[in-house]
Amino acid sequence: MIYALPTLAYSFDALEPAIDARTMEIHYTKHHQAYVDNLNKALADFPETAEKPLPELLSDLERVPEKIRLAVRNHGGGHVNHSLFWEVMKPGGGKEPAGRLLGEIEKNFGDVLKFKEQFGAAAMGRFGSGWAWLAADDSGQLSVVSTANQDTPLAEGKKPLLGLDVWEHAYYLKYQNRRKDYVDAWWTVVNWERVEENFIEG
Ligand code: MN3
C-alpha cells in the first residue's frame, strides 16, 4: 500500500474566515504530505506491515515491528488524523448535530452546549501539540478524548468521529497564541453530517 494525500473536497480558502487559506494550503500540502511521505518511507522495507490497514496498525502498535513502530505511530497517525480532519469540516458547515448523533450527544453529555464545553476544554487543556476528539467505543458510547502529538483514539480502542488539530501549525498564522479563538471559530465549519455518518458507520 502506497499512501497518498486524499483529495480535498473544497478549496484552500473555503473555510475562511475560521481557517485562512494560507494555513490550509501549508497544512495540507506540506504538513500532511510530510506524514504521507514519511509513512511510505517507513513501510517501504516492511511489505507485510504495509499490507495491513492503517487503522488496524494504529489500534495495536505493539504488533508493528519495533524498527518502524514510532514512525507508524507518528506519521501513520498524522495521515489518518488529518484525513479525518479535512472531512469533518466543510464550507458553510457549523449547523448543529442532528438525528441519531444528536440523541447520543444528549444522552452522553446532557446537551450540545455541554458537549462543546467539554470538547473545548480538551482542546485548550492539551499542552503542546495534539488533538481533541469526539470518539465512540465499541458499544457506541461517546466520549471526549485528547491525544498528544499524532496519537489517535484508535490506540485506546475508540473510533474517532470528530477531531480538532491543536498543533500550532493549524492556527498560528492567523491566531498566533490565541488557541481559544481558533477553537471557537472552528465550530462554524464543522461538517456534522459527516460526523454522524462516522458514528453510524460504526
Ligand atoms: Mn496538523
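Computed from heavy atoms alone, side chains included, the values below leave out hydrogens, waters and symmetry copies. None of the values given here were measured: they were computed from a predicted structure. For ligands, and for the atoms within them, numbers begin at 1 and follow the listed sequence.
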Pair Lys174-Glu16, salt bridge (Lys or Arg N to Asp or Glu O under 4.0 Å): steps then yes or no: CA-CA 11 Å; Lys174 180 178 167 90; Glu16 298 248 19; 5.3 Å; no
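Relative to the six-membered ring of Trp187, Lys116 meets both conditions, a distance below 6.0 Å and an angle of at most 45° to the axis.
A donor-acceptor pair under 3.5 Å links the side-chain atoms of Arg69 to the main chain of Val64, judged by distance alone.
Residues Asn149 and Trp167 have side chains in contact (heavy-atom distance under 4.5 Å, counting atoms from C-beta outward).
Rounded to 10 degrees, the NE2-metal-NE2 angle spanning His82 and His27 at the Mn ion (ligand 1) equals 90°. Rounded to the nearest 10 degrees, the angle NE2 (His169) to the Mn ion (ligand 1) to OD2 (Asp165) equals 120°.
Note on His31: not counted as a metal contact of the Mn ion (ligand 1), no N/O/S atom lying under 2.8 Å.
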